[in-house]
**Q** 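This is the structure I have questions about; it appears just below.
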Number of protein chains: 2
Amino acid sequence: MARAATTSDAFNALAERRRRDILSYLAMRERSVTEIVDAMEMEQPSVSKHLKVLKGVGLVEVRREGRQMLYKVNAMAIRPLHEWTSTFERLWKHQLLGIKERAEANNARKQ
Amino acid sequence: MARAATTSDAFNALAERRRRDILSYLAMRERSVTEIVDAMEMEQPSVSKHLKVLKGVGLVEVRREGRQMLYKVNAMAIRPLHEWTSTFERLWKHQLLGIKERAEANNARKQ
DNA sequence: TTGACATATTTCTATATGGGAATATATTGA
DNA sequence: TCAATATATTCCCATATAGAAATATGTCAA
């Protein structure tokens, strides 16, 4: 078997940096494909293909306005990622606390 | 160009479901490869390869104990994902609020 | 040293990609 | 109807998988 399809879920779709960049750009507001192309400095066909993947997993929504296609983020689709990572939050906070404590113990020794 | 390597960053490494499962399992505590194999119901070589990818991006750490290799999560490496998704939190909360308001307006109309 | 156990690596293969280039489709205004 | 604008699709190709199978490496205990 090969890697899971980019369109299989949000995790796979967002593995690609360019698609995360596009989503971040869309976070401000709805944008046309041309606006995305200009902002991202990518070829238009590439942008269209990335948008297709994002749409495939429900990360963006589209509506037509004349000849333009206006894309916007569907933030709800990002929640599964946020929630999965949140289950580890306790762990890294614990890690950070350990680092802080060791640093303070070090400082005390140096005084 | 093809897809970015699974080892290029945490986003790519975690796109694979099996690797997320392994990390979730390790969230409880340090585990040997055999324990992971038994829990995940995967072939041992597959587990070793997934662990190699996870280690490659710093998502796990290993230490040897006799003939066993004990793997544990490095939760810090998950933070970039958490933080990236957090930038959209405001948006989905806004979405949820909208859904709630529409539901309430609907209820009021039906009374 | 040898055998058993634990883990890692190699080889193979089908498959899906991302980008580039070219082209197709859709919509508008004249 | 036609040209211009906006977007999508197709074709090509180098590349990196994940899993299966076989094998290699490392460590201990007797």
Side-chain angles (χ1 to χ4, degrees), chain A residues 1-23 25-26 29-73, chain B residues 1-23 25-26 29-73:
Chain A
M1 207 183 290
R3 251 167 121 173
T6 53
T7 48
S8 46
D9 56 36
F11 284 93
N12 278 282
L14 294 175
E16 175 70 32
R17 173 77 117 106
R18 306 253 184 208
R19 285 194 283 267
R20 292 200 300 279
D21 291 344
I22 290 175
L23 269 201
Y25 181 61
L26 292 180
R29 62 175 174 81
E30 201 178 41
R31 299 282 190 176
S32 72
V33 176
T34 301
E35 282 177 307
I36 301 171
V37 168
D38 293 345
M40 301 288 109
E41 295 182 334
M42 302 173 59
E43 297 297 322
Q44 176 267 313
S46 283
V47 170
S48 281
K49 278 185 280 188
H50 284 311
L51 287 170
K52 189 178 184 176
V53 172
L54 291 172
K55 186 157 176 286
V57 295
L59 279 162
V60 297
E61 285 167 6
V62 212
R63 69 186 179 90
R64 180 179 282 283
E65 174 119 349
R67 337 177 204 202
Q68 309 202 117
M69 297 296 270
L70 299 179
Y71 284 84
K72 69 172 175 184
V73 176
Chain B
M1 204 184 293
R3 243 164 129 173
T6 53
T7 49
S8 46
D9 56 36
F11 285 93
N12 278 282
L14 294 175
E16 176 69 32
R17 170 79 116 106
R18 307 254 184 204
R19 286 193 283 268
R20 293 199 301 280
D21 290 344
I22 290 175
L23 268 201
Y25 181 62
L26 292 179
R29 61 175 175 82
E30 201 178 42
R31 299 282 191 174
S32 72
V33 177
T34 303
E35 282 177 308
I36 301 171
V37 168
D38 293 345
M40 300 288 110
E41 296 182 333
M42 301 173 59
E43 298 297 320
Q44 176 268 314
S46 284
V47 169
S48 281
K49 276 187 283 186
H50 284 311
L51 287 170
K52 188 177 185 177
V53 172
L54 291 172
K55 185 156 177 286
V57 296
L59 279 162
V60 297
E61 285 167 5
V62 211
R63 70 186 178 90
R64 178 180 283 283
E65 174 120 347
R67 337 176 202 201
Q68 310 202 117
M69 297 296 269
L70 299 178
Y71 284 83
K72 70 173 175 184
V73 175

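Chain naming here is simple, since letters A, B, ... match the order of the sequence lines and numbering starts at 1 in each. Because the structure is a prediction, the values reported are computed rather than measured.
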**Q** When you measure from the side-chain N and O atoms of A:Tyr71 to the phosphate of D:dA8, is any distance below 4.0 Å, counting only OP1 and OP2?
**A** yes
**Q** Would you say a side-chain N or O of B:Arg3 is under 4.0 Å from OP1 or OP2 of C:dT15?
**A** no
**Q** Output yes when at least one side-chain N/O atom of B:Arg18 is less than 4.0 Å from OP1 or OP2 of D:dG19, else no.
**A** yes
**Q** Looking at every heavy atom in both A:Asn12 and A:Ala5, which two are closest together, and how far apart are they?
**A** CB-O, 3.4 Å
**Q** Give a yes/no on whether any side-chain N or O of B:Arg19 is located under 4.0 angstrom from OP1 or OP2 of D:dA18.
**A** yes
**Q** Roughly, in whole Å, what's the span from CD in A:Gln44 to P in C:dT23?
**A** 15 Å
**Q** Let me spell it out: for each of A:Pro45 and B:Val33, pick the nucleotide of DNA chain C with the closest heavy atom. Which residue's pick is nearer the 5' end?
**A** B:Val33
**Q** Phosphate oxygens OP1/OP2 of C:dT27: is one of them under 4.0 Å from a side-chain N or O of A:Arg64?
**A** yes
**Q** I want to confirm an ordering. Mapping A:Thr34 and A:Ala2 to their closest nucleotides on DNA chain D, which one lands closer to the 5' end?
**A** A:Thr34
**Q** Please step through side chain to side chain contact (heavy atoms under 4.5 Å, CB included) for the pair B:Leu51 and B:Ile36, ending with a clear verdict.
**A** CA-CA 10 Å; B:Leu51 287 170; B:Ile36 301 171; 4.1 Å; yes
**Q** Indicate yes or no: does B:Glu65 engage B:Arg63 in a salt bridge with an N to O separation below 4.0 Å.
**A** yes
**Q** Please report, rounded to the nearest Å, how far the C1' atom of C:dT7 is from the CG atom of B:Leu51.
**A** 10 Å
**Q** Whole angstroms only, please: what is the CD-P distance between B:Glu35 and C:dA6?
**A** 11 Å
**Q** Looking only at heavy atoms, what is the nearest atom pair of A:Ala13 and A:Leu59, with distance?
**A** CB-CD1, 4.1 Å
**Q** Nearest whole Å is fine: how far is D:dA21 P from B:Glu43 CD?
**A** 7 Å
**Q** Test A:Met42 against A:His50 for side chain to side chain contact (heavy atoms under 4.5 Å, CB included), laying out the working first.
**A** CA-CA 11 Å; A:Met42 302 173 59; A:His50 284 311; 3.3 Å; yes
**Q** Is any side-chain N or O of A:Thr6 closer than 4.0 Å to OP1 or OP2 of C:dT17?
**A** yes
**Q** Whole Å only: how far is the NZ atom of B:Lys55 from the C1' atom of C:dT7?
**A** 13 Å
**Q** To the nearest Å, give me how far apart NZ (A:Lys52) and P (C:dG19) are.
**A** 16 Å
**Q** Please determine if a side-chain N or O atom of B:Lys49 lies less than 4.0 Å away from the OP1 or OP2 oxygen of C:dA8.
**A** no
**Q** Can you measure A:Glu65 atom CD to C:dT28 atom P for me and round it to whole angstrom units?
**A** 10 Å
**Q** Starting at the 5' end of DNA chain C, which residue's closest nucleotide do you reach first, A:Arg67 or A:Ala5?
**A** A:Ala5
**Q** Roughly, in whole Å, what's the span from CD in B:Glu41 to C1' in D:dG19?
**A** 16 Å
